[in-house]
Every structure is written in structure tokens, then in C-alpha cells.
Amino acid sequence: MSAVELRGFGWRHAGRKAWAVRGVDLRVERGERVLLLGPSGAGKSTLLAALAGLLADDSGEREGTVEIDGLDTRKARERVGIVFQDPATQLVMSRVGDDVAFGLENRGVPRAELWPRVAGALDAVGLAHPLDRPTHALSGGEQQRLALAGVLALRPDLLLLDEPTANLDPAGAELVRSSLRAAVSRETTVIMVEHRLAEVVPFVDRVVVLAPGAGVVAEGPPERVFGAHGAALAADGIWVPGQPLPPPRRAVAAPGEVLVTADRVALAPRLAPTDLAVRAGEALAVLGPNGVGKSTLALMLGGLLKPAAGRVVASAVLAGGDAARPPHRWRAADLTARIGSVFQNPEHQFVASTVHAELAVGPRRLGRSLAVVDELLTRLHLDHLARANPYTLSGGEARRLSVATALASAPRLLVLDEPTFGQDRRTWVELVALLADLRDDGHGVLTVTHDPAFVEALADRRLELAP
């Protein structure tokens, strides 16, 4: 078991004026389970990286101390397991079984013990694929479960979880939570970041709230923290159980003409034959369990992936003179002007060296005013990061930037994959409002999501994909 202590801890990333986190004084006792909260940009992921010993001195400026059982965290790495916000960043092998076995092999675990531990960890997270299943063939949610299995197999003394259920369907998220309850003993110290609070509160002993630049601003048992500070925390952007959201944004008019149609599109084994149509002035939510092909369908509708079977047909109102050709055969400039795509992994679409420049790419290419750039920076709380490199943003900040880049071009059709991932309450509300405004201006919005609150707030129609 490991105890954690931070005294006056702060970290500023190289090239940044603002501190990612500062003034943190915190002690976590051995075997304690702590839920770490705070608005987007409060430094939660940075703090977890510090505890895992992953902040190199040449990548930023450090204040104070961070220790595990009196040791500098960089000397206690073997005691710690971490699941990152983006699971793809910690998958290192090409096959499922090998990826889980990788850490055990590096620890010198005997072969006779190694493979039973691999099988047990995969079973704990509900990943039933063969051990030789390629990791690149997994969906985002399945990759998240694989990353968790790799950490659970190591049986760490300190387990750090950065939104471990963020990209999972409800059943998969509950499976991960139940596996944590079953597989993580009370002897393991756990610090986790989550937004689905109602479901994880029974798992934790204490809630710790961070504020940007102010360190710990509230801590204690969940019922006491939420009871005493619930309304104020919600106003600051923290997801507090029981705090109501704004009423749903229903469409102001009936849907208009069809923009794009999918006719029996398929790509085995990821997507079974599927039909759908997206209309102007409509928000369509695509739902279904992990691995059913939702992201694959989004890529096809966005013109970024050719169907192996079936066809995607764009109407003349969307395609103009290209109506006779499917979107995946359009010129890149025409495609981006007509259909905006937000990928499941936001960093896959960044092309500029600063946040401001990234937002300006679309409007500049289309010859439009750049006034929208400053508006989006302000509304999505990215203005203080305008000069930052997009690849240095937190997961929630990167997600907002990826959505903002699509909104900046105002395409007639917008296809989004998990747009609310990593968002605090305040930025979640702003994203819903921006997408509702776009829809009400006559644009089509298709969203792949596991977020039931988002579906309730925005969707005019739902499509459920079945395994």
C-alpha cells in the first residue's frame, strides 16, 4: 500500500505563462479512494501525471514536492499504475494479449503466472476478444478497457484513473466500475478523475476539488462536500449529482431537405449494413455499444472512409456539382467546406502550431471573417490558451478545440464523434448551445455519443446500432 503527499505542488508546462496546477497541499492515506474533481483546465490530469512520475524536469517548471511513501515519484514508478485520458497513448503491442503481458514481462513475472494474470485482467474488464486480436482493430471504448486491463494485471499499490469510463457505452462503463470494485482491493490506494459522479461516488471515500491556480478548495466525504458546496461547485463547472441542467434545446422548425443518405453501408467486421438519412435543421444521435461501428459510420458519412459495401449519397444541396460522386471522392477543399468532422481522437486533426491558428484554418481557407475565432475562443473557455500548442492541451481542452475548428467553418453538415468527452459542466452546456444554434440555422448535425444527457439535451432523432 502507498501513501501520497503533495506539499505546495505546482507545475507549469514549458512555453506556457499560466501554471497547469499550483499550490496543491494534499495527503492521501494508504488504501484510501479519492475522487479528484475540478473544472476543465484545473490540472487534474497534470497532477496524476506527477504522481505517476511522468513529468520530466526539461518539459516544464516544478514547485513543491510530490512523494509516495516518502520517495520522489520518479523513484516509485513501479508502485504506480495509471490509465490515461486517451487509452491509445499507452497501447504498445500489436495484439491484445501481448499488450496486457507487456508490463508483466518487464517486471519479470514468471511465464506460468503471467498468462493467467493476463486472462484474469481481460475478464475483469469484459474484453472477450482472442489474445491475438489486433489492437488497432479495437474501438475506442475497447482500447480503454484494454488499457485498464494492462494496469490491473500489474496489481499496483497506487492506481491512478483519468476518466476510465469516458468513451464507454453505459453497459461497458458499468462493467469497468464493477471490475474495479471486484479487482481493486481495499489495500490499493486509488485516485481517480471522473465526470460520471453519481455512479462512482459509492466507490470513493473522499472528494478533493481543485480550482485553477488555487490548489485544493474543498475536500471531505462526498455527501458533505456536495451538500455544503453543491450549487457553487456546479456554477464553477463541476458535475455535481442532483444539480439540474438547462432544459433541452428542441429544434425551432421541422427538419428540411435531406443532406446525406447512407444506403446499406458496411465494412466487415466493424459495421453491419446500415441505412440512415441526415436532414438540414436536424440533430441526429447515433447510439450503440462499443465496437458496433459507430465511429466507422461517422467516417463514411464524413467522406473520410470508403464503404466496403453500400453507398453514401450526398444531395445536390450539399454536394453542388459533385452530387454524382460520393463524398469520399470529393476534393479535400470541397469536402471540408461542406462536411465538418470531429474525430474520436482530437489530436488526429490538428494541423497548426497554436490554438488560434488552428481555429483560423477553416475560415481563412474559405475566405471568411476571422471574427468567429475570437468568439469561439471565449465561448469555449480557450481564450487563455490562444497561443498554446494544440498538442499540449488537456484532453477536455483538446476536445473543445476539435469541435471549435469544425464550428468555425460552419459546414452544412457536421459529424461529431464523442464531442462531450472530458468536458466539465460549464463547457458541456456551452457545446450544447453552440450545436443547437448551428442546427437551428439549418445545418445538419450527426453525433456519435454515449452521453445520455447530451442526447436528451439536443437530439431530435436517435439511431441505435445493434451488434
Side-chain angles (χ1 to χ4, degrees), residues 33 81-104 113-156 159-185 188 190 192-204 269-272 286-296 344-345 417-418 421 448-452 464-467:
R33 298 175 174 180
I82 183 170
V83 178
F84 299 132
Q85 213 168 33
D86 178 4
T89 61
Q90 66 189 102
L91 303 185
V92 295
M93 302 298 285
S94 61
R95 299 186 298 184
V96 164
D98 292 341
D99 197 81
V100 179
F102 180 78
L104 298 173
E113 180 185 347
L114 186 150
W115 289 106
R117 283 173 66 169
V118 168
L122 289 169
D123 183 63
V125 300
L127 206 57
H129 292 303
L131 296 182
D132 61 355
R133 171 80 166 178
T135 54
H136 69 77
L138 302 180
S139 71
E142 289 170 328
Q143 288 182 345
Q144 202 156 19
R145 278 189 267 172
L146 178 60
L148 179 60
V151 171
L152 291 179
L154 295 172
R155 300 172 184 170
L159 179 60
L160 307 173
L161 303 167
D162 198 348
E163 297 194 55
T165 66
N167 283 326
L168 299 180
D169 58 72
E174 178 51 36
L175 185 60
V176 167
R177 288 191 293 268
S178 63
S179 68
L180 287 172
R181 290 191 293 268
V184 179
S185 72
T188 303
V190 180
M192 68 187 311
V193 174
E194 253 298 3
H195 284 310
R196 296 174 173 176
L197 299 193
E199 294 88 348
V200 301
V201 162
F203 178 76
V204 303
R270 287 185 281 174
L271 177 67
V286 177
L287 313 172
N290 289 115
V292 79
K294 301 182 300 299
S295 295
T296 299
Q344 190 175 57
N345 296 312
D417 198 344
E418 298 290 358
F421 163 73
V448 169
T449 184
H450 291 305
D451 184 346
E464 184 91 24
L465 299 187

[X] side, atom [atom1]; [Y] side, atom [atom2] - distance, nearest 0.5 Å:
X	Y	atom1	atom2	result
Gln143	Thr89	CD	OG1	10.0 Å
Leu154	Leu104	CG	CG	5.5 Å
Leu91	Asp98	CG	CG	12.5 Å
Asp169	Asn290	CG	CG	4.0 Å
Thr135	Arg95	OG1	CZ	10.5 Å
Leu131	Asp99	CG	CG	11.5 Å

Can you name the nearest heavy-atom pair linking [X] to [Y], along with the distance?
X	Y	result
Ala147	Val83	O-CG2, 4.3 Å
Gly97	Trp115	O-CZ3, 3.8 Å
Arg117	Ala153	NH2-O, 2.6 Å
Val100	Ala149	CG1-O, 4.0 Å
Val151	Pro156	O-CD, 3.4 Å
Gly126	Arg145	O-NH1, 3.1 Å

[X] side chain near [Y] side chain, heavy-atom distance below 4.5 Å:
X	Y	result
Leu160	Val193	no
Leu465	Leu271	yes
Thr449	Leu287	yes

**Request:** Check Leu159, Thr165, Val190 against Leu180 for a side-chain contact (heavy atoms from CB on, under 4.5 Å) and give me the one that passes.
**Result:** Leu159

**Item:** Which residues share a side chain to side chain contact (heavy atoms under 4.5 Å, CB included) with Asp123, sequence neighbours left out
**Value:** none

Under 3.5 Å, side chain of [X] to main-chain N/O of [Y], donor-acceptor pair present?
X	Y	result
Gln90	Phe84	yes
Glu163	Phe421	no
Lys294	Pro289	yes

**Request:** Taking only Lys NZ, Arg NE, NH1 and NH2, and the carboxylate oxygens of Asp or Glu, determine whether Arg177 and Glu174 approach each other closer than 4.0 Å.
**Result:** yes

**Request:** Cation-pi check, Arg33 to Phe203: give yes when NZ or CZ is under 6.0 Å from the six-membered ring centre and within 45° of the ring axis, no otherwise.
**Result:** yes

